[in-house]
Chemist: 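What follows is a single structure, and I will ask about it in a moment.
Just so it is clear: chains get the letters A, B, ... in the order the sequence lines come, proteins before strands, and each one is counted from 1.
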2 protein chains.
Amino acid sequence: MPRSQRTALTREDVLDAAANLVAQHGPEALTMRKLAAELGTAVTSIYWHVGNRETLLEELVTRTVREMGAITPSGRTPAQRVVSIARAQRRMLRERPHLIAMVHERGLTELMFLPAQQALVHEVHAAGLRGARAAEAVRAIEFHVIGFVLVERNRERSPVQHPAEGDLWTAQRADQDPALARALAAPPNSERLYLTATRALVNALLGQ
Amino acid sequence: MPRSQRTALTREDVLDAAANLVAQHGPEALTMRKLAAELGTAVTSIYWHVGNRETLLEELVTRTVREMGAITPSGRTPAQRVVSIARAQRRMLRERPHLIAMVHERGLTELMFLPAQQALVHEVHAAGLRGARAAEAVRAIEFHVIGFVLVERNRERSPVQHPAEGDLWTAQRADQDPALARALAAPPNSERLYLTATRALVNALLGQ
DNA sequence: ACCTGAACACCGTTCAAGT
DNA sequence: ACCTGAACACCGTTCAAGT
């Protein structure tokens with residue numbers, strides 16, 4: 001949908017159109033020529049507004065980092081509140097896969113997670129951890145959350161597996177445990193797995 | 001270093017040169033023209049041997065998957081052996097960052113991890129878990145290992161953080177805990193963090 | 001201040017032609 | 001069976017020129 005010709009092209013117009021392209025089809029779909037076509041202008045006017053492709057992407061990343069912020073923990077115990085933070089983060093991350101991937105690539109994950117990190121510090125403190133030990137717990141949780149979402153995304157994007165998942169697991173291979181073989185042959189229930197793993201880790205770290 | 005002109009170019013020559021380029025500078029450094037220059041041939045002879053760029057990368061990925069295999073757990077208890085598997089995997093993954101990233105992108109992580117997965121099943125079984133519960137434990141550990149390495153890589157590749165890490169954390173923000181603030185301001189000790197997090201998770205999952 | 005087309009140096013890929 | 005150069009359709013970017 002080309003933009004109305006009535007008003008002059010603005011930097012915001014360019015950024016919005018670019019964000020749209022990236023959100024829908026990923027950064028590789030953002031070519032300067034496609035973007036120009038989308039906006040109904042010459043390729044070169046884009047350069048006037050945003051410099052070049054790299055700074056354009058950079059700007060989209062900065063926007064995303066700014067947007068990710070509000071964290072409101074819920075639950076009675078510190079452990080429950082930490083788990084609620086972890087779940088909220090996963091949800092937010094999964095809503096913007098392409099943009100988040102770009103934030104990752106540019107090494108701004110840390111900055112993006114600062115608000116959540118502060119909330120985690122608060123909870124870990126409430127659970128009685130202090131100093132270096134508290135810091136390690138916070139980081140272990142952060143790595144877990146981000147790592148899980150990365151792995152999850154990865155699996156979802158993946159094309160058909162070379163050997164289909166089911167073929168890899170037979171009862172013989174699973175030490176004669178057919179139920180185990182069946183469970184490993186099926187795709188994992190990420191929601192449930194995330195909750196189990198998060199709870200296990202948090203409980204172990206907070207020592208409860 | 002251009003290859004000797006004495007013998008005919010083989011498919012292996014092409015793959016080796018490509019693997020070198022990718023291992024050193026990442027897949028974006030692999031252009032057909034650079035590769036041809038490296039091999040001292042015309043761009044188009046590469047096509048005769050390997051089809052096109054995509055199948056060339058595909059072949060490198062297949063090689064990498066094949067190479068990652070041998071896992072020999074060590075330790076007395078199942079929990080210790082699981083931790084030893086997790087550590088070995090992290091080491092192997094960190095040795096081939098670019099190639100591993102390509103395996104991830106193509107969704108072959110699962111296949112690559114099958115041998116390790118079988119070892120994990122064995123240990124989880126030895127710890128007394130069965131059926132769906134055992135499967136979930138295995139998967140939680142796998143997600144943890146892969147996720148951790150992904151996050152770690154991510155942080156290492158990252159350029160200078162927009163606000164330097166130290167600036168983000170002051171004692172006020174850390175609930176009046178200077179030691180905590182100091183720990184969060186410094187870059188994490190990944191080795192130690194990995195061990196702590198892995199042990200916490202494994203112990204919680206195996207119920208020991 | 002904003003927009004334009006032409007031109008440049010790169011890509012991956014195809015193809016007809018050579019040996 | 002293997003290799004070649006020419007040509008095509010794409011890129012991002014620069015620049016002098018327009019209004």
Chemist: Check for a donor-acceptor pair, side chain of B:R106 on one end and backbone N or O of B:M102 on the other, with a separation under 3.5 Å.
Modeler: yes
Chemist: Between A:R63 and A:E12, is there a salt bridge with N-O shorter than 4.0 Å?
Modeler: yes
Chemist: Under 4.0 Å: is that the gap between some side-chain N or O of A:H49 and OP1 or OP2 of C:dA1?
Modeler: no
Chemist: Is it true that atom CD of B:E191 has more than 12 heavy atoms of other residues, nucleotides or ligands lying nearer than 6.0 Å?
Modeler: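 Result for CD/B:E191: open.
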Chemist: Under 3.5 Å for both pairing distances: what stems, at least three Watson-Crick or G-U pairs long, include DNA chain D?
Modeler: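 Only these stems qualify: C:4-8 with D:12-16, C:12-16 with D:4-8.
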Chemist: One character per nucleotide, please: for nucleotides 4-15 of chain C, 5' to 3', B when the base has a protein heavy atom closer than 4.0 Å, S when only the sugar-phosphate does, - otherwise.
Modeler: BBB----BBBBB
Chemist: So, is the end of the B:R90 side chain (NZ or CZ) under 6.0 Å from the ring centre of B:F148 and within 45° of the ring's axis?
Modeler: no
Chemist: Is the shortest distance from a Lys or Arg side-chain nitrogen in A:E136 or B:R199 to a carboxylate oxygen in the other one below 4.0 Å?
Modeler: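 A salt bridge is absent here (no side-chain N lies under 4.0 Å from a carboxylate O).
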Chemist: Ignoring hydrogens and angles, tell me if any N or O in the side chain of A:D13 forms a donor-acceptor pair with the backbone of A:T10 under 3.5 Å.
Modeler: yes
Chemist: A quick test of your reading: do over 12 heavy atoms of other residues, nucleotides or ligands sit less than 6.0 Å from CZ of B:R87?
Modeler: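 12 or below, so no.
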Chemist: Less than 4.5 Å apart, any side-chain heavy atom of B:L35 and any of B:L56?
Modeler: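 Yes, at least one pair of side-chain atoms sits under 4.5 Å.
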